[in-house]
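Supplied in structure tokens, the structure appears directly below.
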There are 2 protein chains.
Amino acid sequence: MDVRTLCLGALMGGEATGYEIRKMFEDGTFSHFQIASLGSIYPALTKLTQDGLVTFVEHEQENRPDKKVYQLTQEGRRTFLRTLLQTRPAEDRYRSDILFMLTFAEEMPIELTEALIDEFAARHELMSHQIDPDNEDKQGSPSTYGRDENGNPKPGCCFVAGLGQAMCDATLKFIRENKQGLLDELRNFKARKP
Amino acid sequence: MDVRTLCLGALMGGEATGYEIRKMFEDGTFSHFQIASLGSIYPALTKLTQDGLVTFVEHEQENRPDKKVYQLTQEGRRTFLRTLLQTRPAEDRYRSDILFMLTFAEEMPIELTEALIDEFAARHELMSHQIDPDNEDKQGSPSTYGRDENGNPKPGCCFVAGLGQAMCDATLKFIRENKQGLLDELRNFKARKP
DNA sequence: TAATACATGTAATAAGTTACATGATTCT
DNA sequence: AGAATCATGTAACTTATTACATGTATTA
């Protein structure tokens, strides 16, 4: 799924600037299962504008670049919906340097192993927070996303959020239950053959 | 983590061909948290050979290209271990078209939603299988990986495999418990405003 | 004082994927 | 008969990342 489609999807929840769209992928609704950086979002929005799938209104600001608030056109909405129906979703891909490194735990100092596990846990704790739809630290954030016009949470979003939460919880639980065991094993392992 | 490092890691478990290394990322030990395609593995091995980090022995075969069995050099092993100690692991990144699409469940036919969920479940079921270290359909596979010279499973590998399994299980459990609920909600949702 | 948030945009670069090229054997 | 497995390798292409460019206001 290319960044253009991702942007269309992001705008399904209402108008937003490029900067705000990035936040959805960094912190917000989509953060745990899609990524898109500013360097790809801005060109994508330009392209979408040329193709008539989005329009923008320029809001002047003091001491800042003009803010461009993008919105789907009818054509854009239709296109996105069509894409949804026609696209065979690509394989999920998860890549984790930490897990790869932990595979070689025997070869590194135990402190490093522990640090890696702790970092893995910390990141998942953070993710768990970001997913939480009730978590509105983001006071007045652009997050109409995940909710419809009446402020009701959308079932699809809830389901996906719940799934993300479940994955995080499982990860954290596994670490709680197995970290010490691994570290002990590693100490034995190293004692036997130094 | 670039493909070269990934290849070095793959060879930490013993000798292997480029083709076999790909399998480790496709089906094997690393499949659930790293990816590497043949088009990137072969050039990486060539580069590593030039740099003296790996060597290969050519085994002639009938009716096939000669098989190149790669092996770490001492220098290669040292380099990998150093990388392990020095690398700040990059952020984990998970991307899932299916989850992205499911976010928009309200906008598509219920059958599609269900199909997407089922496919997501099926893929995780498969992954769960592939992770399972006891799963030796791969009779006599090159998988010395995850085990040391004596055939003992390596604690680090077990931990990572267990974690992957836990994530899969959590995902499957969540789907079992929430799929019907979502579909019902969607039916209500659509009944209210068609 | 340094970093972060806000705000957009471009361009060089890096990186990997897909497709092409070749070809026998085995499974379905 | 067709697909998949084994086996390597190259090259065109796509794609996104990183860095650059610019600048204020707020927070730590």
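The chains referred to below are lettered A, B, ... by the order of the sequence lines, with proteins before strands, and numbering in each begins at 1.
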Side chain of Thr49(B), backbone of Thr55(B): donor and acceptor closer than 3.5 Å?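 No, the answer is negative, given that no donor and acceptor are paired below the 3.5 Å cut-off.
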
Only distances under 3.5 Å count here; give the side-chain donor-acceptor pairs of residues 155-162 of chain A to other protein atoms, sequence neighbours excluded, each with its distance to 0.1 Å.
none

Rounded to whole Å, the CD1-C1' distance (Ile35(B) to dG16(C)) equals 10 Å

Quick check against the 3.5 Å criterion: does Gln165(B) have a side-chain atom that pairs as donor or acceptor with the backbone of Ser128(B)? yes

Spacing between Asp66(B) atom CG and dT22(C) atom P, to the nearest angstrom: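 Distance check: Asp66(B) CG to dT22(C) P gives 18 Å.
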
Roughly how many Å is it from CE in Met1(B) to C1' in dA14(C), rounded to a whole number?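 Interatomic distance, CE of Met1(B) to C1' of dA14(C): 17 Å.
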
Answer with base, sugar-phosphate or nothing: what part of the nucleic acid does Leu38(A) contact at a heavy-atom distance below 4.0 Å?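 Leu38(A): base contact, heavy atoms under 4.0 Å.
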
Five pairs per end, C1' atoms only: what is the angle between the end axes of the helix from dT1(C)-dA28(D) to dT28(C)-dA1(D), to 10 degrees? 60°

May I have the distance from Arg95(B) (atom CZ) to dG16(C) (atom P), rounded to whole angstrom? 15 Å

Set of residues satisfying salt bridge (Lys or Arg N to Asp or Glu O under 4.0 Å) with respect to Arg88(A), sequence neighbours excluded: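 For Arg88(A), the residues satisfying salt bridge (Lys or Arg N to Asp or Glu O under 4.0 Å) (neighbours in sequence not counted) are Glu119(B).
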
Not counting sequence neighbours, list each pair that qualifies as a ring-ring contact (aromatic ring centres under 6.0 Å, His included) and has a residue in residues 34-84 of chain A.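 For residues 34-84 of chain A: Phe56(A)-Tyr70(A), Phe80(A)-Phe104(B).
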
For Tyr19(B), the ring-ring contact (aromatic ring centres under 6.0 Å, His included) test, sequence neighbours excluded, returns none

Please report, to 0.1 Å, the donor-acceptor pairs under 3.5 Å made by any side chain of residues 167-175 of chain B, with sequence neighbours excluded.
residue	atom	partner	partner atom	Å
Thr171(B)	OG1	Met167(B)	O	2.9

Would you say the side-chain atoms of His124(B) pair up with the backbone N or O of Phe120(B), donor to acceptor, closer than 3.5 Å?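 Between the backbone of Phe120(B) and the side chain of His124(B) there is a qualifying donor-acceptor contact (under 3.5 Å).
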
Close residues, residues 39-46 of chain B, relative to DNA chain C [heavy-atom separation under 4.0 Å]: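 Close to the strand are Gly39(B), Ser40(B).
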
All N/O donor-acceptor pairs, side-chain side in residues 30-38 of chain B, below 3.5 Å, sequence neighbours left out:
residue	atom	partner	partner atom	Å
Ser31(B)	OG	Gly28(B)	O	2.8
Gln34(B)	NE2	Ser96(A)	O	3.2
Gln34(B)	NE2	Asp97(A)	OD1	3.4

Identify, with sequence neighbours excluded, every residue that meets salt bridge (Lys or Arg N to Asp or Glu O under 4.0 Å) alongside Glu107(B).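 Scan of Glu107(B) (salt bridge (Lys or Arg N to Asp or Glu O under 4.0 Å), adjacent residues dropped) gives Arg77(A).
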
Output all residues satisfying salt bridge (Lys or Arg N to Asp or Glu O under 4.0 Å) with Lys179(A), sequence neighbours left out; order by chain, then residue number. Glu114(A), Asp118(A)

Separation of atom CD1 in Ile21(B) from atom P in dG16(C), rounded to whole Å: 14 Å

Would you mind classifying the nucleic acid contact of Arg4(B) as base, sugar-phosphate or nothing, using non-hydrogen atoms under 4.0 angstrom?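 Nothing, no heavy atom under 4.0 Å.
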
Nearest heavy atoms of Thr17(A) and Val69(A), plus distance in Å: CG2-CG2, 4.0 Å

At their closest point, which heavy atom of Ile41(B) faces which heavy atom of Cys7(B), and how far apart are they?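 Heavy-atom minimum between the residues: CG2-SG, 4.0 Å.
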
Which letter, B, S or -, goes with each nucleotide of nucleotides 23-28 of chain C from 5' to 3', with contact meaning a protein heavy atom under 4.0 Å? BSS---

Outermost nucleotides of DNA chain D that come under 4.0 Å of a non-hydrogen atom of chain B: dT5(D) to dT17(D)

